[in-house]
Each structure stands twice: as structure tokens, then as C-alpha cells.
Amino acid sequence: MTSFRDNLLAGKTAFVAGGTSGINLGIAKRFAELGARVAVAGRDPDKARRAADEIGHDAIGLSGDVRDYGAIRGVMETVADKFGPMDIVISGAAGNFLAPVLGMSANAFRTVVDIDLNGTFNVFRGCHDLLNTPGASLIAITAGQAVNASALQAHACAAKAGINQLVRVLALEWGPDVRVNGISPGPIADTEGMKRLAPDDATREAHYARIAMKRWGKVSEVAESAVFLCSPAASYITGTILDCDGGSQVGDASRLDLARGMA
Ligand code: HXC
Ligand code: NAP
């Protein structure tokens, strides 16, 4: 039986920057399942084509670097030409690696800030006149590093904190016509981010102990958060950062394990 939810995004056009793998690809797939026309983009054109095939539903895969305003603007013009004005834009491209500040060149720091923060500015600034307004919904994919400082993450902490403030400023400036929100995923299983930031058992165990819900998140759970923020159920929500993280940012749940150990 077809329910309202099965067609929740019918007639909508969605563009996902950085949507060719991982969490963002999961979001793109879910949007397509719910009826949206979907376009994804990353730097690698072959990866983008493969992602579009995986999404199905006539999705398109394009290539462009979010650090290059002209390139990503061109990608979004192509999307609007093909599908019409965009209802949903996700900015999710990111780069990350573990490095202490003294093990990071100026170019290394700049590279991550450029992809994550400047990239999000470029995607959102560049999409505005291509949006279907009023009612368009923009979402930036941020991270807990935006609010909780983390060693070996100076670049990502600075970049994601900037993204959170950019979301809030855009919500204020574009309020009547465009809703602008963020999603902050926790540690999500089977992703490139987890491979890079929790590469060994000791790091994974330390991460795990801190999580209130005592499990890794799923790509599908972040995708459902994105569906919610783009749906009529979120029609009065703008300028918010939605934590989809099993309670990771609430605090450190590992003390409970210690207390249990003492009992
Ligand atoms: C120190 C490093 C480094 C490392 C790269 N650099 N890796 N420095 N430690 N491990 C330095 C390089 O030496 C160079 O500086 C500068 O960074 C740029 O490197 P390039 O390789 O030239 O950059 P580029 O080809 O643009 O690639 C960008 C990248 C790469 C970020 C370095 O890893 C990438 O493309 N990543 C995309 C995928 C990704 O990271 N996904 C995970 C997202 S997860 P010099 O001075 O030598 O020129 C996430 C957070 C999730 O965002 C949170 C999970 C809990
Ligand atoms: P991922 O699989 O590495 O996805 C990154 C995507 O961005 C890919 O499609 C990649 O394709 C694209 N990309 C990277 N640099 C780009 C650039 N300069 N221009 C255009 N596209 C670019 O990562 P993930 O782990 O799923 O993370 C996705 C998002 O969730 C990121 O914003 C990340 O910060 C956030 N997040 C992840 C976790 C986690 O547990 N994984 C936790 C918190 C937050 P190309 O390589 O082809 O460019």
C-alpha cells in the first residue's frame, strides 16, 4: 500500500554536494526513494556516475570541487536546467585526517577549512537564485567537533564551528523564503569518517564508551533526520543544528561504565 510518506518528496528537486559516498549518499538515496529528483556531486566523475547508478530513480551524478565557486555554481546550474528550481540543497562535502597542529602545515589546515566551510558558503551562496522559493530547505552536514574541541582536529573543529554559525546567519538573512539548518551526525558505522577518525580498536572503544545509546549510528538514521528537516513536519524550524548522534554531544557516558565497574 502506498502511504503519504512513500511520496513525501514527490515533485521535489534535491541536490547533494558531496553526495557520492557515505552519509550524504545515504541521504540522496532516501530522498530518491521518497520521490525526489536527485542530483549528487563530488570531485571524482566516475564515483559520481556510480553513485547515480546506485541511487537509481534517474538520479544524475556530476563533478565539481566545492572549493571552486565557479565550478560548483556550474554544477548547480546544470541541475536547475535539467530538473527545474531546487527545493532541497545539502552541503555535505568534507575532508578530514588526524593530525596535531604541529604536524599540520598551513596548507593542510587551509585545505580542510576550504572544503568544509568555504565549500558550504559556496554551495549555499551559489544556489540561492536557483531555489524554488518560498519553501526551499537547505541543510549543512556539520559534526560534534563544532562545539566540542577535539585534539588532532583543529582544522575540522574550526571549519565545522564556522558552518554552524553560517547556518544561523543564513537562517536570519533568508528566513521568509528559505529554511537553513544543520545536522550533526555522531559516529556513523561503515563510513570514511569513522575509518579516518577511529582507525584502531583502542580509539573505537574510547569513542564507544562515551555514547549514551551505546551503539554506532546508521547512515539511514542521518538520512531520516534530513527527510524530517525537509518535510512539512519541520515547516517552522530554521537555524537549528539537529544532533543525530545517540547522545554523543550531551556529555560523556563512559563514567557510568566506570561506576558499574566499581559496584
Ligand atoms: C597531515 C596532511 C594529512 C595528514 C593530508 N595532509 N593528509 N597533513 N596529516 N594525515 C596535508 C598535505 O600534506 C597537504 O599539505 C594538504 O594536507 C593538502 O593535501 P592534498 O592531498 O593535496 O589535498 P587534497 O587532494 O585536496 O585532499 C584533501 C584531503 C583528502 C582532505 C587531504 O584526505 C580528501 O580528499 N578527503 C576527502 C574524504 C574525507 O576526508 N572524508 C572524511 C570526512 S569525515 P602540504 O603542506 O604538504 O601541501 C569528517 C568528520 C567526521 O569530516 C567526524 C567523525 C566522528
Ligand atoms: P565521505 O564518504 O568521505 O564523503 C565525502 C563526500 O564529499 C564524497 O562524496 C566526496 O567525493 C565529496 N568531496 C570531498 N571533497 C570534496 C570537494 N572538495 N568538492 C566536492 N566534493 C568533495 O564522508 P562521510 O564519512 O560519509 O561524511 C559525510 C559528512 O558527514 C561530512 O560532512 C562529515 O564531516 C560528516 N560527518 C561524518 C561523520 C561520520 O561518522 N562519518 C560524523 C560526523 C560528521 P569525492 O572524493 O569524489 O570528491
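Order of appearance sets the numbers: ligands from 1, and atoms from 1 within every ligand.
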Taking only non-hydrogen atoms of Asp44 and a 4.0 Å limit, the atoms of ligand 2 in range are 47 (O)
Distance-only side-chain donor-acceptor flag, Arg210 / Ser254, under 3.5 Å: no
Verify whether one side chain among Thr142 and Asn164 offers a donor that lies under 3.5 Å from an acceptor in the other. yes
Please check if the side chain of Asn24 supplies one atom and the backbone of Gly92 the other of a donor-acceptor pair under 3.5 Å. yes
Presence of salt bridge, Glu77 and Arg73, under 4.0 angstrom: yes
Do Leu62 and Val40 have side chains that approach each other closer than 4.5 Å (heavy atoms only, starting at C-beta)? no
Within the structure, does Asp116 bring an N/O atom to less than 3.5 angstrom of an N/O atom in ligand 2? no
Any idea which atoms of ligand 2 are less than 4.0 Å away from a heavy-atom of Gly64? 19 (N), 20 (C)
Lys160 heavy atoms within 4.0 Å reach ligand 2 at atoms 32 (O), 33 (C), 34 (O)
Gly95 near ligand 2, heavy-atom distance under 4.0 Å? no
Are Asn96 and Glu192 close enough that a side-chain donor and a side-chain acceptor fall under 3.5 Å? no
Supply the atom-to-atom distance Arg30 CZ to Cys230 SG, rounded to the nearest 0.5 angstrom. 12.5 Å
Are Trp216 and Tyr208 an aromatic pair, judged by ring center distance below 6.0 Å? yes
Strictly distance-based, threshold 3.5 Å: is any side-chain N or O of His155 a donor or acceptor partner for the main-chain N or O of Phe97? yes
So for ligand 2, is Ile188 a polar contact partner (N or O within less than 3.5 Å, distance only)? yes
Which N/O atoms of ligand 1 sit under 3.5 Å from a protein N/O, and at what distances?
unit_1   : atom_1 : unit_2 : atom_2 : d
ligand 1 : 15 (O) : Ser105 : OG     : 3.3
ligand 1 : 26 (O) : Arg67  : NH1    : 2.9
ligand 1 : 26 (O) : Arg67  : NH2    : 3.2
ligand 1 : 33 (O) : Arg196 : NH1    : 2.7
ligand 1 : 35 (O) : Arg43  : NH1    : 3.0
ligand 1 : 35 (O) : Arg43  : NH2    : 2.8
ligand 1 : 40 (O) : Asn96  : N      : 2.9
ligand 1 : 40 (O) : Arg196 : NH1    : 3.1
ligand 1 : 46 (O) : Ser105 : OG     : 2.5
ligand 1 : 48 (O) : Asn107 : ND2    : 3.0

Check whether any N or O atom of Gly18, backbone or side chain, sits under 3.5 Å from an N or O atom of ligand 2, and answer yes or no. yes
For ligand 2, which atoms, with element, lie under 4.0 Å from some heavy atom of Gly22? 2 (O), 26 (O)
Gly144: heavy atom below 4.0 Å from ligand 2, yes or no? no
Proximal ligand 2 atoms for Ile141, defined as those under 4.0 Å from one of its heavy atoms: 29 (C), 30 (O), 32 (O), 35 (C)
How does Arg43 reach ligand 2, by side chain, by backbone, by both or by neither, if only non-hydrogen atoms under 4.0 Å count? both
How far apart are the closest heavy atoms of Asp68 and Asn122, and which atoms are they? N-ND2, 4.2 Å
Distance in Å, Ile115 CD1 paired with Asp65 CG, rounded so as to fall on 0.5 Å steps: 7.0 Å
Whether Ala189 lies under 4.0 Å from ligand 2, heavy atom: no
Taking only non-hydrogen atoms of Gly92 and a 4.0 Å limit, the atoms of ligand 2 in range are 29 (C), 31 (C), 32 (O)
Considering the heavy atoms of Gly193, write down every atom of ligand 2 situated less than 4.0 Å from one of them. 25 (O), 41 (N)
Taking a cutoff of less than 4.0 Å between a non-hydrogen atom of the residue and any ligand atom, is Asp114 in contact with ligand 2? no
Can any side-chain N or O of Ser105 pair as donor or acceptor with the backbone N or O of Ala108 at less than 3.5 Å? yes
State if Lys195 counts as touching ligand 2 under the rule of any non-hydrogen atom under 4.0 Å. no
Taking only heavy atoms of Glu192, which atoms of ligand 2 are found under 4.0 Å from at least one of them? 1 (P), 2 (O), 3 (O), 25 (O)
Between Thr203 and Asp200, does any side-chain donor sit less than 3.5 Å from a side-chain acceptor? yes
